[in-house]
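Notes to accompany the following structure.
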Amino acid sequence: MIVILKPESSAAAVAELTEALAKEGVTLNPVCGAELTVLCLVGDTSRVDPNRVAANRAVERVLAVTEPFRMAGRSFQPAPTVVEVSGRSIGASKIAVIAGPCCVETEEQIVRVALAVKAAGASFLRGGAFKPRVSPYAFQGLQREGLRLLALAGRTADLPVVSEIMSPRDIELFADSVEIIQVGARNMQNYDLLKELSRLTKPVLLKRGSAATIEEWLLAAEYLLAGGNRQVILCERGVRTFETYTRNTLDLSAVLAVKKMSHLPVVVDPSHAAGKWWMTAPLAKAAAAVGADGLMIEVHDDPARALCDGQQSIQPDGFRALMDELRPIAQAVGREL
Ligand code: PEP
Ligand code: MN
């Protein structure tokens, strides 16, 4: 961090600031020019709040030279994180495919889809039970019963399950029912929820908030890591832009950026990004080509009757075709499926 001081700052103000910064556990290297004094802070500056430094009246400007996240960064851990879940891994050479309906509707529906995606080669089953719907009148999910049915379908198809949590009060229930806990885009910045999840050893799939910068997303991941949970998977699911043709704009460059900055695995969800079923397969293939560690795909066997997100769900035969098309792409980028 570089702190540029105001030329007119008094020696006393500078001394006071220097003393305060020294208490933050960083080393200070002052550079005194004819007109400007610059303080170079070296060491672990992740706990120094740049806004608090900028609030000091002796300070002209603060420049961050390192990322504000520490544990999520590549310098903290150069080797990629591989999350191991029930004999499957996310972040290793095999591209992990998480597939299933937006929400669990009935036992028959979730078991049918689970068996279909398993047969096509998926490695995880997804299904929402607590749904963050925009309208309070929309189907809110089967809640506790939904998690029970999802776990049953997962056991039937021999697939670990992923489901979204919305409230810290459901942590125990999720810890007992699912193999991976999903934090949805709407809760990426629910810091109380992240702090509670950081105490678990269960993997957390952290979706990017629809208006979150990559840095904010990685800082949300930092909450999980800093609290002790090292099993963090990131998920790019599109961000809101001026474009209205698609539900969100899939930010594939974020996959590259995150993989450069962080050791955490990144999954891409083209279903929630595009919001259109016919865009799912091409975007999934693009995500695999760009180096995503996994894909999250919404699959429903009767999309027109789906209780949520039928418009963006592909059917089991489309999913099977997608898996076949993904194989050579995975191979071309040095991965498997
Ligand atoms: C979901 O995966 O069901 C979901 C609600 O996604 P997102 O949080 O990305 O909107
Ligand atoms: Mn959905």
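Whatever order the structure lists ligands and atoms in, that order sets their numbers, starting from 1. Just so it is clear, the values below take in all heavy atoms, side chains as well, and ignore hydrogens, waters and symmetry mates.
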From the list Arg186, Glu164, Met188, Met296, side chain to side chain contact (heavy atoms under 4.5 Å, CB included) with Lys207 holds only for Met296
What protein heavy atom lies closest to atom 5 (C) of ligand 1? Include the residue and the distance to one decimal. Glu164 OE1, 3.5 Å
Would the number of heavy atoms belonging to other residues, nucleotides or ligands and lying under 6.0 Å from CD of Glu243 be above 12? yes
Would you indicate which of Arg237, Lys207, Arg186 comes nearest to atom 6 (O) of ligand 1 when only heavy atoms are counted? Lys207
For atom 4 (C) of ligand 1, grab the closest protein heavy atom and report residue, atom and distance to one decimal in Å. His272 NE2, 3.4 Å
May I ask you to decide whether Arg208 forms a salt bridge with Asp251, counting only side-chain N to carboxylate O separations under 4.0 Å? yes
Atom 2 (O) of ligand 1: nearest protein contact (heavy atom, Å): Arg126 NH1, 2.7 Å
At distances under 2.8 Å, what protein N, O or S atoms surround the Mn ion (ligand 2)? Cys102 SG, His272 NE2, Glu298 OE2, Asp309 OD2
Can you tell me if Lys131 contacts ligand 1 (heavy atom of the residue under 4.0 Å from the ligand)? yes
For Pro265 and Val83 the tightest heavy-atom approach is CG-CG2, 4.2 Å
So, regarding Asp269 and ligand 1 (criterion: nitrogen or oxygen to nitrogen or oxygen, under 3.5 Å), is there a contact or not? no
Which atom pairs, one a donor and one an acceptor, fall under 3.5 Å between side chains of residues 320-327 and the rest of the protein, sequence neighbours left out?
residue	atom	partner	partner atom	Å
Asp324	OD1	Arg327	NH1	2.8
Glu325	OE1	Lys285	NZ	2.8

Please determine whether a side-chain nitrogen of the Lys or Arg among Asp309 and Arg247 lies less than 4.0 Å from a carboxylate oxygen of the Asp or Glu. yes
Under a 4.0 Å threshold between the charged nitrogen and the carboxylate oxygen, would Glu336 count as salt-bridged to Lys94? no
Just to verify, what does Phe69 make a ring-ring contact (aromatic ring centres under 6.0 Å, His included) with, not counting sequence neighbours? none
Begin from the C-alpha positions of Lys202 and Glu179 and carry the test side chain to side chain contact (heavy atoms under 4.5 Å, CB included) through to its verdict. CA-CA 7 Å; Lys202 187 143 287 218; Glu179 276 75 31; 5.5 Å; no
Taking only heavy atoms of Gly184 into account, list the atoms of ligand 1 that are under 4.0 Å away from them. 8 (O)
Residues pairing under ring pair (Phe, Tyr, Trp, His ring centres under 6.0 Å) where one sits in residues 79-130, two or more places apart or in two chains, turn out to be Phe130-Phe174
So is there a nitrogen or oxygen of Ala185 less than 3.5 Å from a nitrogen or oxygen in ligand 1? yes
